[in-house]
Amino acid sequence: MAEQIEHNLTISTSAILIGLTPLIPIPFADDLAKSYFQRRLVRSLASEQKKNFSDEAIKELVDEEKSGCLSGCLTTIVIYPFKFIFRKVFFFLEIKRSIDIISRTYHYGYLLEYSFKQDFCQPMGSYSATEIREAIQATCREVGTNPIEKAIQATFKQSKQTVKELADILWKNLSKITGKPNEEDLKKAAETVESAEARKGITSQLQQALANVPADYFQNLNQRLIYHLQNPKK
């Protein structure tokens with residue numbers, strides 16, 4: 001019988017917070033919030049496993065697409081009015097995007113935690129932060145994310161209104177910030193929405209749904225991660 005998987009609450013909570021960021025129709029704030037939550041997830045998992053990484057290593061471990069500032073900024077300015085309207089009128093489509101992001105984030109967090117537990121990452125292990133991140137991405141591309149995505153969909157089906165309320169709380173707190181949000185601003189916004197989430201219990205619901213995902217699925221993820229670490233694409 002496969003070993004029962006213990007799902008880390010830090011990963012579930014972070015995945016939900018990162019999944020809320022597409023619902024923020026504020027220029028730059030959505031991407032800044034997403035990056036902040038991603039870095040915080042890495043730091044939290046490292047701390048739990050008593051690992052100490054440099055800021056540069058954390059940046060390398062963060063699972064996010066990098067784009068040029070000029071193109072990114074111009075795109076954000078152009079699409080902002082449409083994004084605001086789109087979120088209001090087609091909220092259910094943005095929810096689908098959120099589910100996809102939560103699923104990818106959960107896989108990322110799970111495999112990163114496994115890497116830390118196995119001491120794969122330098123300086124203790126043999127692999128650089130970049131190699132760890134690329135192996136995680138290759139694993140997710142190969143295996144897919146369907147079982148986890150179904151668990152998230154089941155959670156959101158029960159809690160669609162709660163998700164909207166949490167997104168609004170995050171949005172309202174970020175909209176109060178004048179100028180570019182800094183780490184302290186984002187930390188306060190995160191704490192506010194986390195407090196609201198704890199009262200509403202959406203992470204607990206997700207944890208229950210994840211318990212129904214077969215343990216074999218996670219063990220296969222572990223095995224494929226090891227394969228991709230040992231056989232990186234050239």
Intermediate values then yes/no, side-chain contact (heavy atoms from CB on, under 4.5 Å), L206 and L210: CA-CA 6 Å; L206 177 57; L210 288 169; 3.9 Å; yes

Stepwise side-chain contact (heavy atoms from CB on, under 4.5 Å) check, L61 with T130: CA-CA 6 Å; L61 285 167; T130 299; over 6 Å; no

Stepwise side-chain contact (heavy atoms from CB on, under 4.5 Å) test for K188 and E184: CA-CA 6 Å; K188 289 178 181 177; E184 189 60 31; 3.6 Å; yes

Worked check of side-chain contact (heavy atoms from CB on, under 4.5 Å) between N173 and I169: CA-CA 6 Å; N173 277 272; I169 291 170; 3.7 Å; yes

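Nearest approach of A33 to L186, heavy atoms of both residues: CA-CD2, 4.0 Å. Closest non-hydrogen pair, I101 versus P22, comes out as CD1-CG, 3.3 Å. Closest of all the heavy-atom pairs between A190 and Y36 is CB-CE2, 4.1 Å. Residues Y106 and A15 approach most closely at N-CB, 4.1 Å, considering heavy atoms.
Put simply, the side chain of S103 never gets that close to the backbone of I148: no donor and acceptor are under 3.5 Å apart. N220 places no side-chain N or O within donor-acceptor distance of the main-chain N or O of D216, the cut-off being under 3.5 Å. No donor-acceptor pair closer than 3.5 Å links the side chain of Q153 to the backbone N or O of I99. For S47 (side chain) and R43 (main-chain N/O), no donor-acceptor pair under 3.5 Å exists by modelled atom type. Under a 3.5 Å cut-off, the side chain of T155 and the backbone N or O of A151 do form a donor-acceptor pair. A donor-acceptor pair under 3.5 Å is formed between the side chain of S35 and the backbone N or O of D31.
Relative orientation of the F120 and Y127 rings is perpendicular, given thresholds of 30° and 60° on the angle between their planes.
Judged by the 6.0 Å distance and 45° axis criteria, R40 is not positioned over the aromatic ring of F37.
Looking at heavy atoms from C-beta onward, N222 lies in side-chain contact with Y110 at the 4.5 angstrom threshold. You'll find the side chain of Q49 stays beyond 4.5 Å of the side chain of L45, heavy atoms only. The shortest distance between side-chain heavy atoms of L41 and T105 falls below 4.5 Å. With a 4.5 Å cut-off on side-chain heavy atoms, S98 and V163 do not count as touching. By the 4.5 Å heavy-atom criterion applied to side chains, R39 and E183 are counted as neighbours.
Between the CD atom of E60 and the CD atom of Q122 there is a distance of 11.5 Å, given to the nearest 0.5 Å. Between I132 atom CD1 and Y108 atom OH the span is 10.0 Å, to the nearest 0.5 Å. Remark: E142 CD to L225 CG distance equals 10.5 Å, nearest 0.5 Å. The CZ atom of R104 sits 9.5 Å away from atom CD of E149, with the distance rounded to the nearest 0.5 Å. Note that NE2 of H107 is 11.5 Å distant from CD1 of I136, once rounded to the nearest 0.5 Å. Between Q161 atom CD and K200 atom NZ the span is 8.5 Å, to the nearest 0.5 Å.
Counting only N and O atoms by type, the side chains of N8 and E48 include a donor and acceptor under 3.5 Å apart. Between the side chains of E197 and T203, a donor-acceptor pair is found at a separation under 3.5 Å.
The pair E165-R199 does not meet the salt-bridge criterion, since no charged nitrogen lies less than 4.0 angstrom from a carboxylate oxygen. Classification of K96 and D100 as a salt-bridged pair fails, no side-chain N sitting under 4.0 Å from a carboxylate O.
A 6.0 Å sphere centred on CG of N52 holds no more than 12 heavy atoms belonging to other residues, nucleotides or ligands.
Clustering ILVMFWY residues whenever any of their side-chain heavy atoms sit less than 4.5 angstrom apart, transitively, puts I102 in a cluster other than the one holding L9. In the hydrophobic clustering of this structure, Y217 groups with Y114; members are Ile, Leu, Val, Met, Phe, Trp, Tyr whose side-chain heavy atoms approach within less than 4.5 Å, directly or through other members.
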